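Numbered from 1 within each chain, the chains take letters A, B, ... in sequence-line order. Note that the structure is a prediction, hence the values are computed from the model and not measured. Computed from heavy atoms alone, side chains included, the values below leave out hydrogens, waters and symmetry copies.
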Protein chains: 4
Amino acid sequence: MPAPSRPPASEDSPPRRGRRKQARPGELLEAALALFAEKGFAATRVEEIAARAGVSKGTLFLYFPTKEDLFRAVVRESIAGRFDEWNQEFETFQGDTPEMLRYCMRSWWERLGATPASGITKLMLSESQNFPEVAAYYQAEVIAPGKDLIRRILERGVARGEFQIADLECAVYSVIAPMIFLMLNKHSVAACLPESAHIEPLRYVEAQATVLLQGLRRRDS
Amino acid sequence: MPAPSRPPASEDSPPRRGRRKQARPGELLEAALALFAEKGFAATRVEEIAARAGVSKGTLFLYFPTKEDLFRAVVRESIAGRFDEWNQEFETFQGDTPEMLRYCMRSWWERLGATPASGITKLMLSESQNFPEVAAYYQAEVIAPGKDLIRRILERGVARGEFQIADLECAVYSVIAPMIFLMLNKHSVAACLPESAHIEPLRYVEAQATVLLQGLRRRDS
Amino acid sequence: MPAPSRPPASEDSPPRRGRRKQARPGELLEAALALFAEKGFAATRVEEIAARAGVSKGTLFLYFPTKEDLFRAVVRESIAGRFDEWNQEFETFQGDTPEMLRYCMRSWWERLGATPASGITKLMLSESQNFPEVAAYYQAEVIAPGKDLIRRILERGVARGEFQIADLECAVYSVIAPMIFLMLNKHSVAACLPESAHIEPLRYVEAQATVLLQGLRRRDS
Amino acid sequence: MPAPSRPPASEDSPPRRGRRKQARPGELLEAALALFAEKGFAATRVEEIAARAGVSKGTLFLYFPTKEDLFRAVVRESIAGRFDEWNQEFETFQGDTPEMLRYCMRSWWERLGATPASGITKLMLSESQNFPEVAAYYQAEVIAPGKDLIRRILERGVARGEFQIADLECAVYSVIAPMIFLMLNKHSVAACLPESAHIEPLRYVEAQATVLLQGLRRRDS
DNA sequence: CATGAATGAGACTTCATTCAT
DNA sequence: TATGAATGAAGTCTCATTCAT
């Protein structure tokens, strides 16, 4: 019997009223993220979100006062403390930096890119100008920490004599850009194209890492 | 001699009726591209577009039957034959391939990224799922030719012994991803941030090209 | 004494939510018929219809997707199975055919002409060219069965030696024309004139029937 | 140069500018009548009317200040003095009254029903409630004189011992109704049906006259 | 006089939000 | 708490009317 994911106490399988109630906001956020990412904020109807979450329109407004508040909650929840765990992992990473960077890119895909959370990236890209305060929040909570993490890895490589980097600030984007590109690709044109035209994520990540690591490698005098 | 009352001699300031007729569609397309890229299709009101183009709501519908048709025209017009010129330039390029690739990335920024046309990239990313047929058109007219162009440059480098590339198909994205990232950055989060947080495009392009060329360079046995 | 058709249990003035849901479409159709008949389809604003039905604009669209669909529903509902009852009545009519025809004309007025359903006649007359498919439906469901009914009555009279009719097909119109004229008169010029200028329906019907029956009567050799 | 402002007498066949100018209002009225009768006032666009008259939208407003004014002119022009001629003809009619009435019905069809002027009948029927003052005008100028004319014919028949009429006022409608019905039929459902379903006007008129005359005929004690 | 590009009031329709049940 | 019928502000689009050419 599978343990319930969210509600801690009484564990009974059939989703009774009480159980559901606990889960509602999460289901709504999940549905909202998927639809916002697919169609954009303005083009998504709250009724669709409610339907996808299996509740009625009115119920949605029980948990989120307005559609905009739902949007903000989607961003906030999709992000919440995602970096803490990741940061710690890299603080204590054993091994050489090239491998660390390759591992970083792989987990980026596995933990974010391949999950629904990747929709947030597209969402922020599309909507940041319509929600400046959310964009600022995202910048502070995701972009800045993310860049910091990458920068620390690159600095480690330089310090250990593994990397030789002329412009550290820009080199950060050499890691970020291919990963963002991969996530966005999944949510945009690729979604309209036949399978055959899709990028193969794993192969793509390895290839990008390979070129990148070659590009950053220390050149002996 | 009494000077003509209305149309003063000055070249074109108070545009004559006839001239306007010709210019209107272009002005509307320009306004529409800017606003669609900024706020998305659904969140942009046709009245805003008309106002930005300096005409009234009704006038817009004189040239474009519906808002969706305007969207399609925006994409089509922003693209029209942009690759022909570029392709030819590279067919006849003299010089080594690393320089060619660096030049390619520079002109990408100068001719597209730095211009309003870069909005199309964000627009297609945001709206492709809402306009699958436009996405297909964009794929056929922009993405595919663009990838072809890059691939031919990479193949030239390999053929001339300048590049050593394990996965050609993915290496194409090593060129594309940083450029797309730069263009999108300009139209999203960066637009909400203080100047200081912006990427410096020229420095960024040089840095990406440097790392990339190092990464592609032939390694002697 | 006619019992009230609509509000059944007169007591409950503030109609319950559920009851309304059931009644709404009917109320809207009634309001729409009245206004379409009065002003025509194009000149009637949906907001007026909604207001007359005691609801807001948006509510109308909860029940009818478009104004045109509302129009189609008005025609369809005003007609639905109106002939079945009438037909049966005449199948089993006892008595001589002149009386039968006179009764037919009287009930035509009482059951249709004097009711709001008479508006459909004006409506179809005014709008048939704007809604050809509705006109075809009306032809098939109302005009053809109506003519058939009249024709059968006339044939009965001929068969029983009561009538002598040179051109049966056209004689059908000798019955129809005065009745249609009466119904249309009520909805057009008469509506703009002082009471005094109106036709008195009952007297009119009797007079038309009298002249007509005299005109159809068998002339002994 | 003060050229003659209007085109004077000069009579040349090819419709020169001058000639056309004179004809414009008439062509516009003709086009307007046809379209108003077909689609109704509100559903007809002034641009269509102008196009059908072979002029531009702006030109129409040179002759008629508003669409409503055009409507009023259409009604007024289509009617202008149509009864004077007809009245005189019947004042001096030689022959028996049944033939007179039959002739009246025939000419009604030939001079009105079969011409575009028959559209006015449908138009007034459809629009009278939207233009009460036009309806009053029509009542005074057409309906009242028309009924008078018919009444005088019937009275002549009674006076000459040819007719025996119980309700003279209503008997007038026994003449009018079938003729109005025929004209309306042509402009409504019939216009949407295959040829085969149409009424044959000449046969129809003769048949109605025959039944009617039989119905009015004096019955010997 | 004639044109047709431009206007903007007004119509249809959508959809976030409310609230009686 | 959950529902979904009802609302009305707001958006797209139409078209009578104006006016510079």
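Exactly one of D/Phe41, D/Tyr137, D/Tyr138, D/Phe64 qualifies for a ring pair (Phe, Tyr, Trp, His ring centres under 6.0 Å) with D/Phe71. That residue is D/Phe41.
Taken from OH in C/Tyr63 to CG in C/Leu70, the straight-line distance is 13.5 Å, to the nearest 0.5 Å. The distance from atom CD of B/Glu30 to atom OG of B/Ser78, rounded to the nearest 0.5 Å, is 10.0 Å. Note that the CD atom of D/Glu38 and the CG atom of C/Asn130 stand 7.5 Å from one another [nearest 0.5 Å].
Nearest nucleotide to the side chain of A/Lys67, out of F/dT7, E/dT7, E/dA16: E/dA16. The nucleotide whose nearest atom lies closest to any side-chain atom of C/Phe61 is, among E/dC1, E/dT14, F/dG8, E/dT14.
As rounded to whole Å, 14 Å separates atom P of E/dG4 from atom CG of D/Leu62. Nucleotide F/dA16 holds its C1' atom 13 Å from the CD atom of D/Glu48, rounded to whole Å. Between the CZ atom of B/Arg45 and the P atom of F/dT12 there is a distance of 7 Å, given to the nearest Å. Computed from coordinates, the C/Glu47 CD to F/dG8 C1' distance equals 9 Å when rounded to whole Å. For B/Asp69 and F/dT12, the CG to P distance is 14 Å, given to the nearest whole Å. Separating the CG atom of A/Leu35 from the C1' atom of E/dC15 is a distance of 15 Å, rounded to the nearest angstrom. The interatomic distance linking A/Leu60 (CG) with E/dC19 (P) rounds to 17 Å, in whole Å.
Between C/Tyr63 and the phosphate of F/dA5, there is no side-chain N or O to OP1/OP2 separation shorter than 4.0 Å. Checking the phosphate oxygens (OP1, OP2) of E/dA2, no side-chain nitrogen or oxygen of D/Thr59 falls inside 4.0 Å. Considering only side-chain N and O atoms, A/Arg24 lies under 4.0 angstrom from the phosphate OP1 or OP2 of F/dA2.
D/Lys57 comes within 4.0 angstrom of a base, heavy atoms only. Residue D/Val46 is classed as a base contact, given a heavy-atom separation below 4.0 Å to a base.
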Would B/Glu48 and B/Arg52 count as a salt bridge (Lys or Arg N to Asp or Glu O under 4.0 Å) here? Give the steps. CA-CA 6 Å; B/Glu48 284 181 279; B/Arg52 185 190 251 250; over 6 Å; no
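Across every strand in view, F/dT21 sits in a pair with E/dA2 that passes the Watson-Crick or G-U test at under 3.5 angstrom.
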